[in-house]
Structure formats: C-alpha cells, structure tokens
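By convention here, the first residue in the shown sequence is residue 1.
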Amino acid sequence: MEQLELIVVQLEEAKGLIEKGRVAHLRLAFILLDSVTELILHRTVQSMLWDQEMLTGLLSTYEQLAAGGHVEAAAEAEAVKAKIISKSELNKIDRNFDAKVAFLVDRAVLDSALGPVLEKLHKYRNEMYHRDKLRREVIKPATLIYFDSACTALDSYRQLYTAYGSPSELGPELKRYAVTDGPLGLARQDLPQRIAGRLRREVGLDLPQVRSALAQYLHARLDQMSQGLAFIEDNLGVPYLVRGDALRLVQANLTATTTLEQVRGRKYPYSKVDLELWRSLVSALRSIDDKHDLVREYASIEDAFEPFEQKVERAVMDLERHLSLQDDIARGK
C-alpha cells in the first residue's frame, strides 16, 4: 500500500499547487505530474516484464533439449523466444519515457490516443526542467491536461504485489479514501481507478477553455512569425525585396556570393502554403471535442511549424542585433 501512497501523495500535492494557480506553482505541479506519471508507467511496465528472466532460462533449457533431438522442445523454444524482449530493448524501455509509453500502448495497457499526449507533455517538462523554457501562455491548460492524463495512466496502473497495512499506518492523503469506502475500502482491487476518478473530478478539465487557450497560443505564434518575416523584409536593407523573400532567406544557405535571384530560384522545406495550412489547422482545433484528439492535433501542428519558427526567431534576433550595432556606430558609441 505504501507504493500506492507514494503516487497519491504526489497527485495530491500537484492538485494543491494547481489550486494556488500562480505560474511558479503550476510549473512545480507540472514537474510533479511528469514524475508521478513516469513512476506509474515504470511500475506498470515492470509488472508486465517480471517473467523475462524466467523465460530466458526456460529458453536455454528447451534449446538444450532440442539439441538432443527432442522435437517438441524445439517447438516450445520458438514459442518462448517470441515472448522474450532483447536486452537492448529492455534497457531502452527502462531508461526512456517514450519507450515506456510505446510499450504499454503496444500491449494495449494504455489507450493509443493517450500515447502522443504523454509524449508531448513529457517534452514540455524536459524544456521546463532542463532548459528553463516556460510556456507561460499555456502552463495552466497544459498542467490541467497533464493531471487528467496522469489520472488516466493511474486507471491502467498495475504492480507486482500489493501489501495491505492498517489504515492507521497510512498518511492522510491515502487514508481519506478509506473513510469514504469504509474499513475495507483500501483492500479493493479497483482502488487506483477510484482514486483516479475522484482526483479527476476534484481538479476538473474545462475542455472548451483549454481548447481556446491552446488555439490562441498557436495563432499568436503564427502571427509572430508573420510579423517577424515582415520585419526582416522592411529592415534588412536589401534592394528590391518583396513579400515572400524573407520566408526564403531564413531557410537559405547564404554565402557572400549568393544573389537574391538564386535565393528565389531554390526549393525550400517551408512555403506560404505551409503558413496558410498551419493557420487553418489551428482554427480547426475549435471543433475537436475529444481531449486526447485535441492535444494530439495541437502537438502535431506545433511540431510541424516549430523548426521554421526557430529559423525566423534567429533571423529576427540577428537582424535586431545588427541594427542596434549600426545605431551605436552612427551615434559614435
């Protein structure tokens, strides 16, 4: 029961931080939710891989029998071999968040619709934790989505064994579920699912509000990209620039001898058509009523335009730095 208590305490702490509502608290809640989600995934994976060592030993026995001419042992060896996961794959699953998700989705333990959601949220956590990148505009909806997703993962929670202790030995976070369901409440097999359902109801997920926030965030970034391209064309100081040239320039591999005609004549990964498509896809988010479909489509759009967005941001920053330097020179600084 202590194993489950560790999960519940993290979820309860995250809930409390969400209720505070400030960006600093939401950031910490998000990190806690990522941690507890990976803990749930890890334990569930381990509950499904407990037999790997046994199967490896069994395979060796069958192969020895088959080498001695035992026909049935040869067939059994093939059947056992099909169930064994390679050491390299086991190491990958053990160390990698996305690999855990993929494994559980492949085994139908997690809904396939949840996989891309967890992967995207974990990517946000890595940005937040390792690179201090905080997406303030969507930190609240992202945290609410992660709380809901963590509860969904808890719905599928499995562990090798559960040791039931006295309710008096438990902390208040887990004990409150015993109060609701009586002294036998903690012995029920569906306890993780009931806890997940209750926490999900207490925190809530206002899908229309989340959907609106995500769409506004992506629209604002697309607006910023368009403004950045216009800024480059208006301030680069190259004669005869027309609308559309900046879109090519930020993608071009420029050298000292590259001409504008050469830039215009080349093919690039991104075009005006992509900008229009992204805008259309973001607008279409408002018609999605399934929470997992919403986040999956949001992630797909963001992943599609982010590499180009980074090119525009770098180009704008470089030009701003150049213009500032020229201004300083003109002032004699």
May I ask you to decide whether [X] forms a salt bridge with [Y], counting only side-chain N to carboxylate O separations under 4.0 Å?
X	Y	answer
Glu302	Lys120	yes
Asp155	Arg200	yes
Asp327	Arg331	yes
Asp234	Arg243	yes
Glu306	Lys123	yes
Glu276	Arg279	no
Glu13	Lys20	no

When you measure from the side chain of [X] to the backbone N and O of [Y], does any donor-acceptor pair fall under 3.5 Å?
X	Y	result
Glu137	Tyr217	no
Asp51	Met54	no
Glu63	Ala77	no
Asp206	Gln209	yes
Asp34	Ile31	no

Contact summary for [X] and [Y], nearest pair of heavy atoms:
X	Y	value
Leu247	Glu233	N-OE2, 4.5 Å
Ile232	Leu241	O-CD1, 4.5 Å
Gln3	Arg43	O-NH1, 2.6 Å
Leu144	Gly204	CD2-O, 4.0 Å
Pro269	Asp274	O-OD2, 3.7 Å
Leu294	Leu285	CD1-O, 3.9 Å

Please round to the nearest 0.5 Å and tell me the distance separating atom [atom1] of [X] and atom [atom2] of [Y].
X	Y	atom1	atom2	value
Lys133	Glu127	NZ	CD	4.5 Å
Met128	Leu26	CE	CG	9.0 Å
Leu205	Leu207	CG	CG	6.0 Å
Ile40	Gln10	CD1	CD	8.5 Å
Lys311	Leu229	NZ	CG	12.5 Å
Ile145	Leu33	CD1	CG	12.0 Å

Checklist entry - Are Leu17 and Leu199 co-members of a hydrophobic cluster defined by side-chain heavy atoms under 4.5 Å apart? => result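 No.
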Item to check | Hphob cluster co-occupancy, Leu49 + Val105, side-chain heavy atoms under 4.5 angstrom | outcome: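 Per the 4.5 Å side-chain linkage, Leu49 and Val105 are co-clustered.
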4.5 Å side-chain heavy-atom contact, [X] and [Y]:
X	Y	result
Ser149	Leu114	yes
Glu5	Val9	yes
His42	Asp94	yes
Arg266	Tyr268	yes
Val45	Val109	no
Phe103	Met48	yes
Val250	Val316	no
Leu11	Leu154	yes

Taking atom [atom1] of [X] as the centre, does the number of heavy atoms from other residues, nucleotides or ligands within less than 6.0 Å exceed 12?
X	atom1	result
Lys92	NZ	no
Asp328	CG	yes
Tyr129	OH	no

Next on the checklist: Under a 3.5 Å threshold, yes or no: a donor from one side chain and an acceptor from the other, between Tyr298 and Arg211?
Outcome noted: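 Arg211 and Tyr298 do not have a side-chain donor-acceptor pair below 3.5 Å.
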Next on the checklist: Is it true that Gln216 and Ser212 share a donor-acceptor pair across their side chains at a distance under 3.5 Å?
Outcome noted: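 Judged by distance alone, the side chains do pair up.
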Checklist entry - For Phe30, is the NZ or CZ atom of Arg27 found under 6.0 angstrom from the centre of its six-membered ring and inside 45 degrees of the ring axis? => result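 Judged by the rule (NZ or CZ under 6.0 Å from the ring centre, within 45° of its axis), Arg27 is not positioned above Phe30.
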